[in-house]
Amino acid sequence: LDICKPSDKIYLSSGVHKINFLEYFFDNGLIYGLGDQHGSNNNTNLVAIYSPDDNSNLLIFDGDFRLENIVLNCQNIRTGLLVKHGNVTLKNCKLIGNGKSSVQQGILCCGNASINMENCIFENFATGITLKNNSSLTLKNTTIAHTNVGLEVSESSKIKFEDAIFQNCEKSAIFHN
């Protein structure tokens with residue numbers, strides 16, 4: 001991952017892949033895991049990305065991008081994915097927080113950015129997803145679990161749910177600020 005360009009199409013084999021850089025991804029890029037999906041019975045063939053450092057973000061997106069069949073281990077990170085602009089799609093992905101931090105977020109979506117998630121799982125974050133300003137979110141067959149707040153939205157955000165599940169959200173499944 002260290003030698004990839006922000007707009008590359010990246011195919012990762014099963015295993016744990018370390019990121020130790022703070023890089024923007026944009027321009028129709030893709031990170032695709034060639035291992036099993038997060039919900040499969042065989043966890044030995046999963047594709048995971050993590051940062052060993054206490055960075056503020058795992059991945060930053062400033063344009064259209066797609067993640068598929070990836071486990072994003074955000075345990076050392078304050079915000080898993082920061083979406084500044086564009087359309088980011090996650091399919092068959094799992095984001096895992098540390099379950100201890102009171103400020104850790106799975107995804108922060110800003111401006112006019114949009115996020116589309118299908119068959120995803122978020123767990124162990126203070127806030128699963130935060131939508132700011134005119135951002136939009138589509139959740140299809142996605143579960144947000146074991147959070148303080150599942151989804152935090154601003155007044156101008158747009159949300160579409162299709163078989164979305166909020167489970168064990170301690171304070172609120174959806175918080176409007």
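Model, not experiment: these values are computed from the prediction.
- Contact annotation: the side chain of Ser114 never approaches that of Thr138 to less than 4.5 Å [non-hydrogen atoms, C-beta and beyond].
- Checked against salt bridge (Lys or Arg N to Asp or Glu O under 4.0 Å), Lys132 has no partners two or more places apart in sequence or in another chain.
- Considering CG of Leu151 and CD1 of Ile159, their distance stands at 5.0 Å, rounded to 0.5 Å.
- Between Val83 and Ala113, the closest heavy-atom pair is CG1-CB, 3.6 Å.
- Summarising the geometry, atom CG belonging to Leu67 is positioned 9.0 Å from atom OG1 belonging to Thr89; distances are rounded to the nearest 0.5 Å.
- The minimum heavy-atom distance linking Pro52 with Asn76 is given by the pair O-ND2, 3.8 Å.
- The CG atom of Leu72 sits 8.0 Å away from atom CD1 of Ile19, with the distance rounded to the nearest 0.5 Å.
- Separating the CD1 atom in Ile31 from the NE2 atom in His17 is a distance of 10.5 Å, to the nearest 0.5 Å.
- The cluster map of Ile, Leu, Val, Met, Phe, Trp and Tyr, joined by side-chain heavy atoms under 4.5 Å apart, puts Leu139 and Val149 in different clusters.
- The CD atom of Gln75 lies 11.5 Å from the CG atom of Leu58; values are rounded to the nearest 0.5 Å.
- Residue pairs satisfying the salt bridge (charged side-chain N to carboxylate O under 4.0 Å, His left out) criterion with at least one member in residues 57-70, sequence neighbours excluded, are listed as follows: Arg66-Glu68.
- Counting heavy atoms from C-beta outward, Ser154 and Asn177 have side chains that approach closer than 4.5 Å.
- Evaluated for a side-chain hydrogen bond (donor to acceptor under 3.5 Å, both in side chains) with Gln105, the options Asn57, Thr127, Thr130 yield exactly one hit, Thr130.
- Looking only at atom types and distance, the side chain of Asn119 has a donor-acceptor partner in the side chain of Asn141 under 3.5 Å away.
- Without hydrogens or angle criteria, Ser157 side chain to Glu155 main chain gives no donor-acceptor distance under 3.5 Å.
- When all heavy atoms of Cys169 and Ser172 are compared, the closest pair comes out as CB-O, 3.6 Å.
- In this structure, Ser51 and Ile77 approach most closely via the heavy-atom pair CB-CD1, 3.7 Å.
- The structure places CE of Met117 at 13.0 Å from CG of Asn92, a figure rounded to the nearest 0.5 Å.
- Under the 4.5 Å side-chain heavy-atom criterion for Ile, Leu, Val, Met, Phe, Trp and Tyr, Phe175 and Ile129 are members of distinct hydrophobic clusters.
- The environment of Lys9 atom NZ is dense: over 12 non-hydrogen atoms of other residues, nucleotides or ligands sit within 6.0 angstrom.
- Counting Ile, Leu, Val, Met, Phe, Trp and Tyr side chains that sit under 4.5 Å apart, directly or through other members, Leu34 shares a hydrophobic cluster with Tyr11, Leu30, Tyr32.
- Pairs engaging residues 166-177 under the salt bridge (charged side-chain N to carboxylate O under 4.0 Å, His left out) rule: none recorded [sequence neighbours left out].
- Judged as a salt bridge (charged side-chain N to carboxylate O under 4.0 Å, His left out), the pairs with a partner in residues 84-108 (not counting sequence neighbours) are, in order, Lys94-Glu123.
- The list of salt bridge (charged side-chain N to carboxylate O under 4.0 Å, His left out) pairs with a residue in residues 71-81, not counting sequence neighbours, is empty.
- For the salt bridge (Lys or Arg N to Asp or Glu O under 4.0 Å) test, no residue two or more places apart in sequence or in another chain qualifies with Glu118.
- Sorted by first then second residue, the ring-ring contact (aromatic ring centres under 6.0 Å, His included) pairs that include residues 92-141, not counting sequence neighbours, number zero.
- When all heavy atoms of Gly80 and Cys74 are compared, the pair lying nearest together is CA-SG, 3.5 Å.
- A donor-acceptor pair under 3.5 Å is absent between the side-chain atoms of Thr142 and the main chain of Ala164, judged by distance alone.
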>> Before you tell me yes or no, could you show the steps for Asn69 and Val47 under side chain to side chain contact (heavy atoms under 4.5 Å, CB included), namely the whole-Å CA-CA distance, both residues' side-chain angles and the distance that decides it to 0.1 Å?
In response: CA-CA 7 Å; Asn69 297 335; Val47 178; over 6 Å; no
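- Cluster partners of Tyr50, using a side-chain heavy-atom cutoff of under 4.5 Å among ILVMFWY residues and allowing indirect links, are Val16.
- When the side chain to side chain contact (heavy atoms under 4.5 Å, CB included) test is applied to His146, the partners found at least two apart in sequence or on another chain are Asn124, Asn168.
- The hydrophobic cluster containing Ile165, built from Ile/Leu/Val/Met/Phe/Trp/Tyr side-chain heavy atoms closer than 4.5 Å, comprises no other residue.
- Residues Ser101 and Ala126 come closest through the heavy atom pair O-CB, 3.4 Å.
- In this structure the side chain of Leu137 never reaches within 4.5 angstrom of the side chain of Ile107, judged on heavy atoms.
- Side-chain contact between Leu90 and Leu95: present, with at least one pair of heavy atoms (C-beta onward) separated by less than 4.5 Å.
- Under a hydrophobic-cluster definition in which Ile, Leu, Val, Met, Phe, Trp and Tyr are linked whenever side-chain heavy atoms come within less than 4.5 Å, directly or via other members, Leu81 and Val153 are assigned to the same cluster.
- Shown here are the ring-ring contact (aromatic ring centres under 6.0 Å, His included) partners of Phe166, two or more places apart in sequence or in another chain: Phe161.
- In this structure, the side chains of Leu12 and Ile49 come closer than 4.5 Å at one or more pairs of heavy atoms.
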